[in-house]
Protein chains: 2
Amino acid sequence: MTHVSTVTGHTGCDDAGCQHRVCRSISGPKPLKRHKVLRRGDRLELEHGSCRKVWILLNGMTAMCVGLADGRRQILGLDVPGGIICGMSTGQHSGAWIEAFCDTVLCELELQVAAQFQADNAAPSDGMEVIANLFSVIHQRLERYSSHLVTLGRLDSTERVTLFLLDMAIRLGRPCGQAVFVELPMTREDIADYLGLNTETISRIFTRLKKSKLVQFPSRSSFSIPEPERLERRLPLPVPHHMSLDQLETFLSTLHGHAASFDGVRQ
Amino acid sequence: MTHVSTVTGHTGCDDAGCQHRVCRSISGPKPLKRHKVLRRGDRLELEHGSCRKVWILLNGMTAMCVGLADGRRQILGLDVPGGIICGMSTGQHSGAWIEAFCDTVLCELELQVAAQFQADNAAPSDGMEVIANLFSVIHQRLERYSSHLVTLGRLDSTERVTLFLLDMAIRLGRPCGQAVFVELPMTREDIADYLGLNTETISRIFTRLKKSKLVQFPSRSSFSIPEPERLERRLPLPVPHHMSLDQLETFLSTLHGHAASFDGVRQ
DNA sequence: CGGATTATTGAGCCAATTCAACATCGGTGG
DNA sequence: CCACCGATGTTGAATTGGCTCAATAATCCG
């Protein structure tokens with residue numbers, strides 16, 4: 001179940017994920033970066049030491065997970081396509097891993113290599129931009145974790161689920177007029193582990209929301225919200241709306257420069 | 001109750017806090033930085049926009065807090081002397097603030113000024129070190145928030161309190177042989193808001209721990225743990241032990257350079 | 001000392017969990 | 001194509017951990 005297949009080059013680039021400008025900008029015509037393909041349940045163990053690698057999520061959905069000694073699992077955060085994932089440099093073994101909810105394509109970048117490159121290169125300010133962007137990645141994650149701490153510490157189960165659905169609508173949803181439709185590859189257990197609840201509770205609250213017509217569930221792995229504002233009014237705080245695209249742009253621009261230079265070196 | 005007194009210069013430098021090498025290294029003989037003195041309950045509202053300022057906690061204890069519409073409060077993280085606090089650049093109004101648990105002295109640093117300085121200066125790599133260090137500050141906070149997410153999401157009340165006491169022992173404790181003595185300026189309500197519980201629950205668990213002789217409470221605002229290992233064995237995860245001193249050193253060294261240069265400019 | 005704040009303790013309640021039974025879905029092979 | 005099976009989801013009943021409300025005690029501070 002923990003089988004991780006690694007594919008180099010442009011494998012999987014026919015599908016929509018790889019048409020992503022992030023992928024194209026970074027890997028260019030001659031693929032430099034390595035693509036990792038994960039399937040549902042596959043894990044990427046984070047080596048403790050330093051955060052040497054960064055992954056750009058091209059397709060699919062992943063979670064940052066932590067496990068306890070007795071098997072309990074807590075999901076710290078979720079990532080959707082466009083997200084930039086970075087391990088943490090805990091001295092201790094944190095027991096954290098990245099897990100895929102469905103077929104997922106990641107673009108792996110070695111920061112060590114980038115750092116090495118910038119050290120050899122003449123322009124130091126450009127090289128530091130990598131750190132500056134890494135900063136913004138970590139910073140965004142900190143914002144997300146901050147609001148999730150409030151969710152876990154002070155919201156009841158209904159509020160948690162409501163906030164979760166609205167957040168997913170913002171991050172994954174396809175607007176259909178006023179309504180939003182969301183394809184969500186998480187199981188009830190995944191959702192429970194993210195919200196600090198259990199599967200049955202998630203199921204019960206979904207049923208209640210369905211009956212009150214606030215949310216529709218056309219299938220197991222999708223839902224739609226007819227009137228997002230009405231749902232949001234039930235919350236004691238605004239739904240956090242974190243930037244993501246600009247941040248991506250910035251990160252991209254830096255790395256693009258590197259990738260291009262790398263290509264030059266190799267030729 | 002939300003009265004914040006601001007003192008410039010070396011006010012309060014007679015007490016132990018300001019003998020701290022951080023303070024001396026940064027402010028030097030001619031005080032450049034501004035000291036902020038907070039009292040119990042005082043707040044530092046974080047302006048939304050960007051994280052322009054950084055505070056070094058010289059003395060006392062503070063919390064990063066978030067409030068909900070109906071008055072519920074969640075404490076995201078705690079800071080003890082030596083800690084480096086930084087606001088977050090949320091576009092949205094996050095409703096976060098920094099609050100002091102007792103008389104507290106902070107050293108406020110304007111990052112804008114530092115950035116300006118580095119822009120005017122010839123050595124760009126040196127300037128970027130500020131960002132690199134700010135990165136490590138944010139990164140450490142991310143680690144703390146990560147483990148606290150697990151605490152709030154998957155630990156029961158007894159485990160939360162146990163972990164909290166051990167964490168405080170590591171960060172604030174004075175070892176007395178095998179035992180650890182801790183002076184803790186937090187009320188039961190503060191602890192509850194940090195652990196996602198309520199005051200009565202905290203009180204009840206303290207009573208239970210006292211009866212089982214795992215923890216002693218010589219006064220309202222202090223406790224001691226005779227055998228930390230025994231207490232730790234009751235937890236389903238190791239107590240996170242985050243670095244803090246080295247990180248401080250690094251941050252210091254960068255800023256020291258700046259402070260010195262500033263002094264030169266002023267003369 | 002007196003008054004306000006903070007902490008403790010008890011009784012009752014409710015939200016969320018546990019345990020168990022059953023339903024639905026998706027995939028596989030006959 | 002259907003039957004079957006395992007995985008996932010739903011629903012109900014009983015339990016319990018933590019909360020609310022209320023009364024009392026301890027502590028702090030002017």
Side-chain angles (χ1 to χ4, degrees), chain A residues 1 39-41 68 70-74 99 101-103 151-165 183-212 215-223 234 236, chain B residues 1 39-41 68 70-74 99 101-103 151-165 183-212 215-223 234 236:
Chain A
M1 193 57 171
R39 304 182 60 113
R40 158 97 208 156
L68 300 190
D70 52 10
R72 280 176 276 183
R73 176 178 76 154
Q74 177 63 43
E99 189 170 327
F101 289 139
C102 57
D103 290 0
T151 303
L152 298 188
R154 287 293 176 227
L155 299 192
D156 67 28
S157 62
T158 308
E159 291 168 329
R160 292 184 205 190
V161 171
T162 304
L163 181 57
F164 170 73
L165 294 175
E183 196 76 42
L184 186 74
M186 296 170 74
T187 65
R188 304 297 188 247
E189 191 181 354
D190 294 330
I191 299 170
D193 285 347
Y194 178 57
L195 296 178
L197 301 168
N198 69 15
T199 43
E200 293 94 333
T201 303
I202 301 294
S203 187
R204 276 184 249 271
I205 293 170
F206 276 6
T207 305
R208 253 188 282 146
L209 288 170
K210 185 162 54 186
K211 281 181 185 159
S212 64
V215 185
Q216 288 156 15
F217 296 87
S219 82
R220 259 180 191 194
S221 58
S222 68
F223 66 93
R234 310 209 151 196
Chain B
M1 193 58 172
R39 305 180 60 112
R40 158 98 207 156
L68 300 189
D70 52 10
R72 282 177 272 182
R73 176 179 75 155
Q74 177 63 43
E99 188 169 327
F101 289 139
C102 56
D103 288 1
T151 302
L152 298 187
R154 286 295 174 225
L155 298 193
D156 68 26
S157 62
T158 308
E159 291 168 329
R160 291 184 205 192
V161 172
T162 302
L163 180 57
F164 170 73
L165 294 175
E183 196 77 43
L184 186 75
M186 296 170 75
T187 66
R188 304 296 189 249
E189 190 181 354
D190 294 330
I191 299 171
D193 285 347
Y194 178 57
L195 297 178
L197 301 169
N198 70 13
T199 42
E200 294 92 333
T201 302
I202 301 295
S203 187
R204 276 184 249 271
I205 293 169
F206 276 7
T207 305
R208 254 188 281 145
L209 287 170
K210 186 161 55 185
K211 281 182 184 157
S212 63
V215 184
Q216 289 156 16
F217 296 87
S219 83
R220 253 181 195 194
S221 60
S222 69
F223 66 93
R234 310 209 151 195

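Below, each value reflects all heavy atoms present in this structure, side chains not excepted, and no hydrogens, waters or symmetry copies. Predicted model, so just to flag it, every value in this text is computed and none were measured. In the text below, chain A, chain B and the rest are named by the order of the sequence lines, each starting its count at 1.
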B:Leu197 versus A:Arg154, closest heavy-atom pair with distance: O-NH2, 2.9 Å
Between D:dT10, D:dG9, C:dA7, spot the one nearest the side chain of A:Thr207, thanks. D:dT10
Side chains of B:Thr201 and B:Leu195, heavy atoms from C-beta outward: is any pair under 4.5 Å? no
Separation of A:Asp156 atom CG from D:dG17 atom C1', in whole Å? 16 Å
Residue A:Ser203, side-chain atoms from C-beta onward, closest of D:dT11, C:dT9, D:dC19: D:dT11
Which sits closer to the 5' end of DNA chain D, B:Ser221 or B:Gly196, going by the nucleotide each is nearest to? B:Gly196
Would the base of D:dG17 count as contacting B:Arg204 through its side chain, where contact means a donor and an acceptor less than 3.5 Å apart? no
Atom pair distance, as rounded to whole Å: CZ in A:Arg72 and C1' in C:dT18: 14 Å
Ranking D:dT20, C:dA7, D:dG9 by distance to the side chain of B:Glu200, first place goes to D:dT20
Side chain of A:Leu197 (C-beta onward), nearest among D:dT11, C:dT6, C:dA16: C:dA16
Taking only the side-chain heavy atoms of B:Asn198 (C-beta and beyond), determine which of C:dA16, D:dG18, D:dC19 contains the nearest atom. D:dC19
So, under a plain 3.5 Å distance rule, would you say the side chain of A:Arg188 forms a donor-acceptor pair with the base of D:dT10? no
Sidechain-backbone polar pair: A:Ser203 side chain, A:Thr199 backbone, donor-acceptor under 3.5 Å: no
